[in-house]
There are 2 protein chains.
Amino acid sequence: MAAHTHPSGRRSTIYSVAQACGVSSSTVSRAFTRPDLVRDDVRERILSTAAAMGYRPNRSARATATGRTAMLGLVVPDITNPFMPPLVRAVQRAAADIGCSVTLMDAEESAGAETQLIGQLHGQVDGLILASPRASSRALAEAIDELPCVLVNRVVKELPSVVCDNSGALAHLGDRLAGHGHRTFALLSGPSASWAAKQRARAIRAWANRKEDAGVSLVELGPFDASYDGGRRAGAALLDTAATAAFAFDDVMACGVLAELDARDVQVPMQRSVVGCDDVLLARMVTPSLTTVAAPMAALGDTAITLLHHRIANPGIAAETVTLSGTPVVRDSTAPPAPPAP
Amino acid sequence: MAAHTHPSGRRSTIYSVAQACGVSSSTVSRAFTRPDLVRDDVRERILSTAAAMGYRPNRSARATATGRTAMLGLVVPDITNPFMPPLVRAVQRAAADIGCSVTLMDAEESAGAETQLIGQLHGQVDGLILASPRASSRALAEAIDELPCVLVNRVVKELPSVVCDNSGALAHLGDRLAGHGHRTFALLSGPSASWAAKQRARAIRAWANRKEDAGVSLVELGPFDASYDGGRRAGAALLDTAATAAFAFDDVMACGVLAELDARDVQVPMQRSVVGCDDVLLARMVTPSLTTVAAPMAALGDTAITLLHHRIANPGIAAETVTLSGTPVVRDSTAPPAPPAP
DNA sequence: ATGAAAGCGCTAACAC
DNA sequence: GTGTTAGCGCTTTCAT
């Protein structure tokens with residue numbers, strides 16, 4: 001493996017390749033970016049000598065010339081949230097398909113950091129994907145300022161977004177539980193600032209209302225942190241109610257609920273049923289495995305990139321928001337309620 | 001928020017700012033990159049009118065001019081592995097401290113993709129961090145070709161790296177278990193191609209050898225996948241042995257072991273003790289919570305970036321490998337063995 | 001199909 | 001301390 005540097009010690013450029021091939025730099029450039037514009041034999045000669053010389057196109061130079069960086073920014077509120085990695089992967093894969101790489105920014109749960117990071121991304125990326133941003137709509141709009149962008153799991157007026165609607169799946173799971181004989185349900189709600197938490201709470205309330213005639217009643221608990229510890233607290237709160245089944249804000253919280261119930265010797269699903277949301281890896285790993293609503297990660301990522309791509313190509317296009325649906329996944333944390341004590 | 005574009009519709013540049021301020025473009029440039037070189041009042045005037053005009057430095061242009069992109073590449077074998085997010089975060093934070101952003105590449109568990117991604121990063125980043133790469137040393141070296149880089153949790157001759165040594169912590173945990181009365185231990189080893197798996201196996205073997213006189217014996221099982229399912233299989237295998245305590249390759253595997261034992265009504269820690277490795281978030285969330293070895297994530301990230309930074313500044317410097325240590329964390333998955341059946 | 005030349009936005013000597 | 005002037009490596013008219 002020879003060091004692929006020009007004899008002079010400098011990296012090779014289209015110029016050195018051009019010289020070596022006895023063609024002009026433009027032809028070399030074309031050989032890489034518009035292969036169809038250069039005669040086959042010439043192109044092949046260029047490509048092979050370029051490879052031999054270890055030539056690598058300089059992305060920055062290309063970017064200054066074209067005005068496109070071929071990079072997308074992805075900002076997440078918290079990369080350690082198990083919801084994110086699959087999303088990151090999906091976004092990245094889709095971005096690769098359109099020839100872009102993605103620079104990841106973790107806001108470490110700070111809304112302030114979010115807007116600051118967005119600012120930093122200006123002039124560095126062609127567009128932005130904001131996953132469940134926590135910053136206020138106003139702050140967001142201001143930080144984004146003209147940069148093409150799409151939100152994931154949050155809608156803000158005037159901004160395109162792709163969101164996951166779990167109401168159908170949640171209702172399905174609710175029906176199933178009601179069918180099992182559950183009547184009193186608990187809603188363990190997530191952070192009040194969370195758009196997703198609002199949506200999920202709304203969905204569950206709506207379902208419960210529809211089922212009122214069937215004797216279903218809903219007790220709302222929280223808000224709790226969307227964390228394991230938040231879940232522990234939610235689990236404790238749950239036991240103070242008559243609810244036999246609980247909807248946790250997400251799988252992580254549900255996981256905390258499971259732990260708290262276990263710690264208090266309350267059996268799941270025998271004595272309480274609990275359902276999570278998102279279907280993160282974790283959901284399969286805990287005992288009992290979680291009944292939950294699977295988010296269409298890959299589709300979320302794909303759609304976000306498609307929307308963004310479209311938006312980069314047609315600036316000033318109207319903001320649309322596409323809605324995908326979650327899918328109910330039944331596992332071991334739900335079952336018929338225990339028979340009333342004798 | 002007005003659209004921050006030049007009246008002409010184009011983005012503002014150092015030139016438009018310079019014109020608006022009645023100074024030369026270099027002064028504007030300096031005001032941003034070497035503030036100390038420009039008189040206070042001038043600098044302030046420049047900065048404020050720049051802000052008013054919505055000027056944002058163009059990173060690509062800067063990069064072509066300086067030859068530095070201020071971007072680092074981070075390639076991970078599998079972003080969904082819970083070990084990675086904290087590492088990613090740490091790396092990112094440290095990178096930010098030296099003024100760099102990081103573009104994340106997920107190889108989706110394919111060694112081939114790894115080298116391909118590395119190739120893609122050439123001419124796009126100033127340096128590379130490779131987290132537990134799976135590609136062969138040869139393939140790696142070839143793909144890296146001259147690009148400054150540092151490996152995390154893997155050592156390859158001629159390449160700088162930062163690794164985590166868990167042997168001390170593992171031995172500590174082993175001693176503790178032996179002190180509890182355990183005598184037969186199982187080593188549930190990880191993928192044979194994994195550098196980390198080799199190291200951990202070696203550490204545990206060495207410890208067991210040292211303890212032979214104390215009656216400690218070790219049975220080696222595996223290799224198993226470093227996954228939940230791998231852990232389930234490992235758990236099943238464990239029950240075919242006389243071992244009362246097991247070292248799993250990592251927390252994810254340990255988690256599978258826990259599930260399998262639970263499924264077979266084997267109580268942890270009463271009937272079997274199990275220890276994981278890494279201390280991922282998961283370790284705290286499962287029931288019982290895992291005794292494990294905490295990896296110094298933040299330090300790993302910091303050190304990797306420091307090494308890389310140093311290496312970018314001084315090309316051709318000798319490759320050093322720095323070793324950090326894991327810390328034992330005792331939780332609920334370990335305890336004295338059950339008394340021999342009467 | 002190929003070449004010549006201008007320009008992308010910024011930095012970095014080098015002068016003043 | 002500030003302005004002048006070359007580039008950085010690449011793309012892209014515009015000719016030929």
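Because only heavy atoms are used, hydrogens play no part in the values below, and waters and symmetry mates are left out as well, while side chains stay in. Every chain is numbered from 1 and lettered A, B, ... according to where its sequence line falls, protein lines coming before strand lines. Computed from a predicted model, the values in this text were never measured in an experiment.
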- Task: Could you tell me the separation between the CZ atom of F32(B) and the P atom of dG1(D), rounded to a whole number of Å?
- Result: 19 Å
- Query: OP1 or OP2 of dT11(C) less than 4.0 angstrom from a side-chain nitrogen or oxygen of S29(B), does that happen here?
  - Reply: yes
N/O-N/O pairs, protein side and nucleotides 13-16 of chain C side, under 3.5 Å:
| from | atom 1 | to | atom 2 | distance (Å) |
| --- | --- | --- | --- | --- |
| dA13(C) | N6 | R30(B) | NH2 | 3.2 |

- Message: So, OP1 or OP2 of dA4(C): does either fall under 4.0 Å of a side-chain N or O from Y15(A)?
- Response: no
- Message: One thing to verify: whether R93(B) and E108(A) come together as a salt bridge, which I'm taking to mean a side-chain N less than 4.0 angstrom from a carboxylate O.
- Response: yes
- Message: Which nucleotide wins on minimum distance to the side chain of T33(B), given the candidates dT11(C), dG3(D), dG3(C)?
- Response: dT11(C)
- Is there side-chain contact between N58(B) and T13(B), with at least one heavy-atom pair below 4.5 Å? no
- Item | d(CD, Q124(A); P, dC10(C)) in whole Å | 14 Å
- Heavy atom of residues 34-47 of chain B under 4.0 Å from DNA chain C: which residues? none
- Message: Output the rounded distance in Å from CG (N58(A)) to P (dG9(C)).
- Response: 17 Å
- Query: With a 4.5 Å heavy-atom cut-off, do P85(B) and F83(B) have their side chains touching?
  - Reply: no
- Item | Point-to-point distance, once rounded to the nearest 0.5 Å, from CD1 of I46(A) to CD1 of I14(A) | 10.5 Å
- Query: So which of residues 62-69 of chain A are in contact with DNA chain C, with a heavy-atom cut-off of under 4.0 Å?
  - Reply: T64(A), A65(A)
- Rounded to whole Å, the CZ-C1' distance (R59(A) to dG9(D)) equals 14 Å
- Using whole Å, report how far CZ of R11(A) lies from P of dG7(D). 22 Å
- Message: Working to the nearest 0.5 angstrom, can you tell me the gap between R34(A) CZ and S26(A) OG?
- Response: 13.0 Å
- With distance as the sole test, does D126(A) use its side chain to make a donor-acceptor pair with the main-chain N or O of L72(A) at under 3.5 Å? no
- Any donor-acceptor pair under 3.5 Å from E114(B) side chain to R134(B) backbone: yes
- Query: Any luck finding a side-chain donor-acceptor pair between S101(A) and Q120(B) under 3.5 Å?
  - Reply: no
- Message: Can a donor-acceptor pair be found, under 3.5 Å and without considering hydrogens, that links the side chain of R43(A) to the backbone of P35(A)?
- Response: yes
- Assert: residue with more 5' nearest nucleotide on DNA chain D, out of S25(B) and A61(B), is S25(B)
- Separation of dC8(D) atom P from R56(A) atom CZ, nearest Å, is 21 Å
- Query: Within the distance-only criterion (no hydrogens, no angle test), does the side chain of R30(B) pair as donor or acceptor with the backbone N or O of V38(B) below 3.5 angstrom?
  - Reply: no
- In Å and rounded to the nearest 0.5 Å, what is the CG to CG distance from L121(B) to L147(B)? 7.5 Å
